[in-house]
Colleague: 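There's a structure below that I have some questions on.
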Amino acid sequence: METVLSRRLVELFGWIDPGPGSTHLVSDISGWWRDPDVLAQVGPALAGLFPEDRPTVVIAPEVTGLLLGPLVAVAAGAGFLPAYKDGGERRRVGPTRWAQTPPDYRGRQLRVGVDGRRLNPGDRVLLVDDWVDTGAQLDALDRVVRDTGADLIGAAALVATCPPEVGERLGLRALVTGDELP
């Protein structure tokens, strides 16, 4: 179902050719964050994809998730936990619950984790990401959630280009599909 927001996300989206030696185009989503109307609507829209569910915490992977996750958490009346990538510049100190991802869209395997003191048994978790292609990071975060004894409500994304079976496995709902992008 097309909404004004999903139409605006498509309008503000673009592909960038990084130049010689690159094997693929790069998505340009900077227009989404620059538009104040889109910025105001994405949190409520993603939280609204799960209208009957009441998450206690939203988890979103860095880097874009550090912006998007809190917007959804505020709209859902939930807390927020960032998911960090091991080996990044943001080194984790203290207890962290880690999981290995399956290969992502570039064939990389990463470790992603959340603060082990902040995710509890019985938490109701909504995973959030800007773009889901392979679902690798969300798969790993799903394992972290389940290993903690928390309950996964599902996953919400701005764009989903993943195969249907990945979306089904994650309980994924998205505002835009890859077919809708230019």
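Every value quoted in this text rests on a predicted model; they were computed, and no experiment measured them. What you see below is based on every heavy atom in this structure, not just the backbone, and it leaves out hydrogens, waters and symmetry mates.
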Colleague: Got a donor-acceptor contact below 3.5 angstrom from the Arg111 side chain to the Asp86 backbone?
Modeller: no
Colleague: Is a side-chain N or O of Thr177 found less than 3.5 angstrom from the main chain of Ala160, in a donor-acceptor match?
Modeller: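 Checked: no pair found.
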Colleague: Counting distance only, does the side-chain N/O of Trp32 pair as donor-acceptor with the main-chain N or O of Val38 below 3.5 Å?
Modeller: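 Here the side-chain-to-backbone pair does not exist.
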Colleague: How far does CG of Asp133 sit from OG1 of Thr161, to the nearest 0.5 angstrom?
Modeller: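 It is 3.5 Å, given to the nearest 0.5 Å.
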Colleague: Per the side chain to side chain contact (heavy atoms under 4.5 Å, CB included) rule, which among Val128, Asp35, Val72, Leu71 passes with Val42?
Modeller: Leu71
Colleague: Check the angle between the aromatic planes of Trp15 and Trp131 and answer parallel, tilted or perpendicular using the 30° and 60° thresholds.
Modeller: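 The arrangement is perpendicular - the two ring planes meet at more than 60°.
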Colleague: Nearest 0.5 Å, what's the CG-CG distance between Leu127 and Leu152?
Modeller: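 Output value for this atom pair is 5.0 Å.
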Colleague: Below 4.0 angstrom, N of the basic side chain to O of the carboxylate: do Arg169 and Asp139 qualify?
Modeller: yes
Colleague: What's the shortest heavy-atom distance between Gly171 and Phe50, and which atoms?
Modeller: O-CZ, 3.4 Å
Colleague: Give, for atom CD1 of Ile29 and atom CG of Leu158, the distance between the pair rounded to the nearest 0.5 Å.
Modeller: 7.5 Å
Colleague: Is the backbone N or O of Val144 less than 3.5 Å from a side-chain atom of Arg97, with the two atoms forming a donor-acceptor pair by type?
Modeller: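 No, the answer is negative, given that no donor and acceptor are paired below the 3.5 Å cut-off.
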Colleague: Do you know the tightest heavy-atom contact between Ala156 and Leu126?
Modeller: N-CD1, 4.2 Å
Colleague: Treating Ile, Leu, Val, Met, Phe, Trp and Tyr as nodes and any side-chain heavy-atom pair under 4.5 angstrom as an edge, say whether Leu39 and Leu49 lie in one connected cluster.
Modeller: yes
Colleague: How long is the gap from CG on Asp129 to CD1 on Ile59, to the nearest 0.5 Å?
Modeller: 12.5 Å
Colleague: Quick check against the 3.5 Å criterion: does Asp123 have a side-chain atom that pairs as donor or acceptor with the backbone of Val125?
Modeller: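 Flag not set: sc Asp123 to bb Val125 has no pair under 3.5 Å.
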Colleague: Please answer whether the main-chain N or O of Pro82 pairs with a side-chain N or O of Glu62 as donor and acceptor at a distance below 3.5 Å.
Modeller: no
Colleague: Does Trp33 belong to the same Ile/Leu/Val/Met/Phe/Trp/Tyr cluster as Val74, with side-chain heavy atoms less than 4.5 Å apart forming each link?
Modeller: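 As far as the 4.5 Å side-chain criterion goes, Val74 and Trp33 are not connected within one cluster.
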Colleague: Donor-acceptor pair, Gln109 side chain versus Thr101 backbone, under 3.5 Å?
Modeller: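 Yes.
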Colleague: Do Thr134 and Val166 come close enough that some side-chain heavy atom pair is under 4.5 Å?
Modeller: no
Colleague: How close do Ala83 and Leu141 get, heavy atom to heavy atom, and via which atoms?
Modeller: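 Closest approach of Ala83 to Leu141: CB-CD2, 3.6 Å.
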Colleague: Indicate if Val145 and Leu110 have the same hydrophobic cluster label, given that clusters are the connected sets of ILVMFWY residues with side-chain heavy-atom separations under 4.5 angstrom.
Modeller: no
Colleague: So how far is it from Arg118 CZ to Leu81 CG, rounded to the nearest 0.5 Å?
Modeller: 8.0 Å
Colleague: Val26 and Leu9: same hydrophobic cluster, using ILVMFWY side-chain contacts below 4.5 Å?
Modeller: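 No: no chain of side-chain contacts under 4.5 Å links Val26 to Leu9.
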Colleague: side-chain contact (heavy atoms from CB on, under 4.5 Å) between Val176 and Val10: does it pass, once the steps are laid out?
Modeller: CA-CA 8 Å; Val176 176; Val10 170; 4.0 Å; yes
Colleague: Under 6.0 Å from the CZ atom of Arg108, do we count more than 12 heavy atoms belonging to anything else shown?
Modeller: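 Enclosed: over 12 neighbouring heavy atoms sit under 6.0 Å from CZ of Arg108.
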Colleague: Could you report the tightest heavy-atom contact between Ala47 and Ala75, atom names first, then the distance?
Modeller: CB-CB, 4.0 Å
Colleague: What heavy-atom pair brings Pro55 and Ala76 nearest, and what distance separates the two atoms?
Modeller: CG-CB, 3.8 Å
Colleague: Please check if the side chain of Thr148 supplies one atom and the backbone of Ala150 the other of a donor-acceptor pair under 3.5 Å.
Modeller: no
Colleague: So which heavy atom on Cys162 is nearest to which on Gly167, and how close?
Modeller: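 Distance-wise, the nearest heavy atoms are SG-N, 3.9 Å.
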Colleague: Could you tell me the separation between the CG atom of Asp147 and the CH2 atom of Trp98, rounded to the nearest 0.5 Å?
Modeller: 14.5 Å
